[in-house]
Amino acid sequence: MCGIAGWVGSRASTATVFDGKLQSIKKVIEFQNHRGPDANGIWEDRVNDVILGHNRLSIVELSEAGAQPMEDDSGDWVISYNGELYNHDKLRQELIKKFSVTFRGRSDTEVVLYAIKYFGIDEFLRKADGMFAFAVFDKARGDFYLARDRVGEKPLYYFQTQQGFCFASELKALVSIYDRQISIDQTGLQLYLLLRYVPAPWTILADIKKVLPGHYIKLNIKKPELNQTPYFSWDPHPSEMLVTQEEYKSALNGTLNMLLKSLDSRLMADVPLGFFLSGGVDSTLCAALIRKYFGKEVNTYTIGFEGDSQSEHLVSEKTAKIIGSRHVVRVFNPSELLQMSQELISKLDEPNGDRSCVPTFMLCKHASSEVKVALGGDGGDELFSGYSRYPGLNQRLGDNRFFCAKDNLKAYLSFGLPVFGFGTRKIFDEDCTEEFLSSLSTNLFSPVDFEQSIRFVDFKSYLPGAVLSKVDRMSMQSSLEVRTPFFYPQLLDQSSRLPHQFLYRGGEMKPILRDICRHIGLEHVANLPKKGFGMPAEFLNMSKDQLIHRAGVALKKLDINPIVNCKIVQFGQKLAPFAGANMNALWATIVLGEWLESLKVTYVD
């Protein structure tokens, strides 16, 4: 994977201003070096006031033919690209046949550049199967595009001032060149307290935004206004599938075939590749299907924890023997987990209170000692209704129990994903969460099958905001690229049409994926209940006193942090009554306080 950055000025910049911005983008690229340590590059256009930067993690086309930023053969188009286009070979052949394009190498970046040039941005994004964030400049028209993939696997941040528009792959990278006072964003903070992450388009800091998943931004160098356009949304479709055994088998076979096509395309790499192998269904399928249907040698990686009676490495070792993978396990002791949790928070690009961030970082670091690309199973729970908080929602939210869709969403967040709770609103003079809640609740208007529809809510918020941001940031700390087969466009479409009876079977969730596991001889995984990948319960219980102490220190630091108290006085004292509401709130308090303290020490003190 890579890092991108850039600046678009107002075409009235002096040489001094341009030179200053050039140094700023170079600083961002240096800051993001962990995202792409293999090479970096800068492209500048002083006539049009545009600068692009790039950090390269070489995965496909390791030669200079894949170097970035990259121009087309005319010099009129230029791109800085972070991601992988899995169907680049197909699009390459289409471009050669229709437009006689001559390619200088095998890079998917070059395909993206020419596809946008000849197909146009909208048609390219419709055709694309990949994870990406990119910037493209059309010098002839003066049009500048920023785009983010359908689901939000790759990050993209930006801010705009009178001197122009800046963007980068990481929030902290932009903070390093931000020329105003850094301050908390009230909406971002309130949403963090509600969710333990900050969803797009907001960030935790004022005036810095995220590009929304499935959207692109267009601006013209002659016009400073930004236009953000959606090109994808995963929404429920009326199911045309009859609830019969024959239709179920058809959906199962269709899912299997789409996963195989997706996996085949996601194996592209000119560097060593491996698989995460947990004790769960989703990641197990990725590795097992490659072994069974492609006959490839597979390297699998798992971590475990001493004293954890439910450690996933115990299940994964059995799975590895059955599928015949070369399996590498690392078992950590509780002191290592505690130490890593203390070191990691300051490395987070943005506060993420998901407790699985720490073990995810440990897993990525473990795998990166041997490979540069790993496949995982993120997205399976959202597409096929795999979360244990889903069953029973029809009873808890049905019968018009709540007045409106937004109240349904509030109830779900309160008992399904509890953090600090809605009581924290009294801390603030104004409630800034209404826009987010109103937008997200559109799938929950009564009457509705809540158990079927709630996955669309999590897909749009929890998946990109907590899960995918965690995977990207933790993997990039170790310069590891992580891919998932579940975001294959055709699979996204089919899964959106599944009836309730194909998502739940009695007390079993994700029956389609579990039955595929059974079909390939992995009953021991298929029959296991859902278990999240996080800090072991034994560790949390043993370390509770230490965690409470850390939370107390974090609250005191929040009280005197100028990034916060320039907007909210004595925020730590006001948050304290809610910090012990549950383990989610306790950990989210630690993350928020320690992250903002590290930001203050680096950029304010």
Side-chain angles (χ1 to χ4, degrees), residues 157 159 171-172 174-175 178 180-210 341-342 344-355 357 410 413-414 417-437 465-466 469 546-605:
Y157 296 86
F159 68 80
L171 175 66
K172 282 185 175 178
L174 283 183
V175 172
Y178 193 65
R180 301 176 183 176
Q181 179 185 1
I182 302 169
S183 64
I184 203 79
D185 183 78
Q186 294 247 23
T187 302
L189 180 59
Q190 290 184 38
L191 289 172
Y192 177 84
L193 298 183
L194 183 62
L195 305 168
R196 62 184 163 159
Y197 59 89
V198 183
W202 300 277
T203 72
I204 197 69
L205 299 178
D207 299 324
I208 302 179
K209 302 295 183 183
K210 301 184 187 86
S341 76
Q342 293 169 332
L344 183 62
I345 290 174
S346 63
K347 295 180 180 180
L348 290 172
D349 184 46
E350 192 173 5
N352 185 336
D354 190 323
R355 298 197 306 274
C357 283
K410 291 178 182 178
L413 293 175
S414 296
L417 289 166
V419 191
F420 295 94
F422 285 91
T424 55
R425 289 184 174 185
K426 67 180 69 172
I427 295 174
F428 305 92
D429 295 330
E430 178 186 1
D431 182 1
C432 299
T433 64
E434 289 301 303
E435 178 186 348
F436 168 78
L437 293 172
S469 63
Q546 291 171 290
L547 295 176
I548 291 173
H549 174 73
R550 282 176 68 183
V553 173
L555 290 168
K556 292 179 180 178
K557 295 288 188 181
L558 285 169
D559 260 346
I560 58 174
N561 193 316
I563 298 172
V564 182
N565 62 30
C566 67
K567 298 279 185 72
I568 310 166
V569 179
Q570 295 182 322
F571 174 69
Q573 292 183 41
K574 294 174 180 176
L575 183 62
F578 306 95
N582 49 61
M583 187 56 73
N584 288 339
L586 187 68
W587 182 249
T589 299
I590 293 170
V591 171
L592 182 65
E594 293 185 1
W595 187 87
L596 284 168
E597 178 65 16
S598 72
L599 199 71
K600 177 183 79 74
V601 170
T602 305
Y603 297 109
V604 179
D605 290 351

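Quick note: numbers below take in every heavy atom, side chains included, and nothing from hydrogens, waters or symmetry partners.
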S.K.: Distance check, rounded to the nearest 0.5 Å: L555 atom CG versus F578 atom CZ?
M.R.: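 Separation between the atoms: 12.0 Å.
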S.K.: Would you compute the distance between atom CD1 of I590 and atom CD of Q342 and round it to the nearest 0.5 angstrom?
M.R.: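 Here the interatomic distance stands at 9.5 Å.
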S.K.: Tell me the closest heavy-atom pair linking S341 and I345, and the distance in Å.
M.R.: O-CG1, 3.5 Å
S.K.: Which value, rounded to the nearest 0.5 Å, describes the distance between Y157 atom OH and L171 atom CG?
M.R.: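 Rounded to the nearest 0.5 Å, the OH-CG separation comes to 5.5 Å.
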S.K.: Do P199 and F436 have side chains that approach each other closer than 4.5 Å (heavy atoms only, starting at C-beta)?
M.R.: yes
S.K.: Would you please name every residue forming a side chain to side chain contact (heavy atoms under 4.5 Å, CB included) with A200, sequence neighbours left out?
M.R.: R148, K210, L212, P213
S.K.: With a 6.0 Å cut-off (strictly less than), is the heavy-atom count around NZ of K410, excluding the residue itself, greater than 12?
M.R.: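 Counting neighbours around NZ of K410, more than 12 heavy atoms of other residues, nucleotides or ligands fall under 6.0 Å, so yes.
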S.K.: Going from CG on L558 to CG on L592, what distance comes out if it is rounded to the nearest 0.5 angstrom?
M.R.: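 Going from CG on L558 over to CG on L592, the span is 5.0 Å.
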S.K.: Would L193 and V419 satisfy side-chain contact (heavy atoms from CB on, under 4.5 Å), going step by step from the backbone distance to the final call?
M.R.: CA-CA 7 Å; L193 298 183; V419 191; over 6 Å; no
S.K.: Is the backbone N or O of K172 less than 3.5 Å from a side-chain atom of D349, with the two atoms forming a donor-acceptor pair by type?
M.R.: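 Side chain of D349 to backbone of K172: a pair is present.
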S.K.: Quick one: pull up CD in E350 and CG in L205 and give me the separation to the nearest 0.5 Å.
M.R.: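 Interatomic distance, E350 CD to L205 CG, rounded to 0.5 Å: 7.5 Å.
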S.K.: So which heavy atom on P351 is nearest to which on Y192, and how close?
M.R.: O-CE1, 3.7 Å
S.K.: Measure across R355 and N584 and return the closest heavy-atom pair with its distance rounded to 0.1 Å.
M.R.: NH1-OD1, 2.6 Å
S.K.: Hey, what's the ring geometry for F428 with F571, parallel, tilted or perpendicular (30° and 60° as the breaks)?
M.R.: tilted
S.K.: Quick check: do I568 and Q186 have side-chain heavy atoms less than 4.5 Å from each other?
M.R.: yes
S.K.: Counting N and O atoms only, with roles assigned by atom type, does the side chain of D185 sit under 3.5 Å from a partner on the main chain of D207, one being a donor and the other an acceptor?
M.R.: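 No; zero donor-acceptor contacts below 3.5 Å.
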S.K.: Is there a side-chain contact between L586 and I548 in this structure, where contact means two heavy atoms from C-beta onward sitting under 4.5 Å apart?
M.R.: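 With C-beta onward as the side chain, the pair touches.
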S.K.: Is a donor on one side and an acceptor on the other found under 3.5 Å between the side chain of N352 and the backbone of A466?
M.R.: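 It does hold such a pair.
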S.K.: Apply side-chain contact (heavy atoms from CB on, under 4.5 Å) to the pair L195 and L413, showing each step before the final yes or no.
M.R.: CA-CA 8 Å; L195 305 168; L413 293 175; 4.0 Å; yes
S.K.: Is the backbone of R196 close enough, under 3.5 Å, to the side chain of D354 for a donor and an acceptor to pair up by distance?
M.R.: no
S.K.: Any donor-acceptor pair under 3.5 Å linking the side chain of K574 with the backbone of K426?
M.R.: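 No; judged by distance alone, with no hydrogens or angles, the pair does not exist.
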S.K.: May I ask you to check whether over 12 heavy atoms, not counting those of K557, lie within 6.0 Å of atom NZ?
M.R.: no
S.K.: Write down the atom of W587, the atom of G353, and the distance for their closest heavy-atom approach.
M.R.: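 Smallest heavy-atom distance, with atoms named: CD1-O, 3.2 Å.
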S.K.: Are any side-chain N or O atoms of Q190 and backbone N or O atoms of E430, one a donor and one an acceptor, separated by less than 3.5 Å?
M.R.: yes
S.K.: Could you pull out all residues at least two apart from E435 that satisfy side chain to side chain contact (heavy atoms under 4.5 Å, CB included)?
M.R.: W202
S.K.: Any donor and acceptor pair, going by atom type alone, linking the side chain of T203 with main-chain N or O of I208 inside 3.5 Å?
M.R.: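 Yes, because the side chain of T203 sits within donor-acceptor range (under 3.5 Å) of the backbone of I208.
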S.K.: So, for I563 and C566, which heavy atoms are closest and what is the spacing to 0.1 Å?
M.R.: O-SG, 3.5 Å
S.K.: A side-chain contact here means heavy atoms from C-beta on lying under 4.5 Å apart; do V175 and T602 qualify?
M.R.: no
S.K.: So how far is it from L189 CG to I184 CD1, rounded to the nearest 0.5 Å?
M.R.: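 Spacing of CG (L189) from CD1 (I184) equals 5.0 Å.
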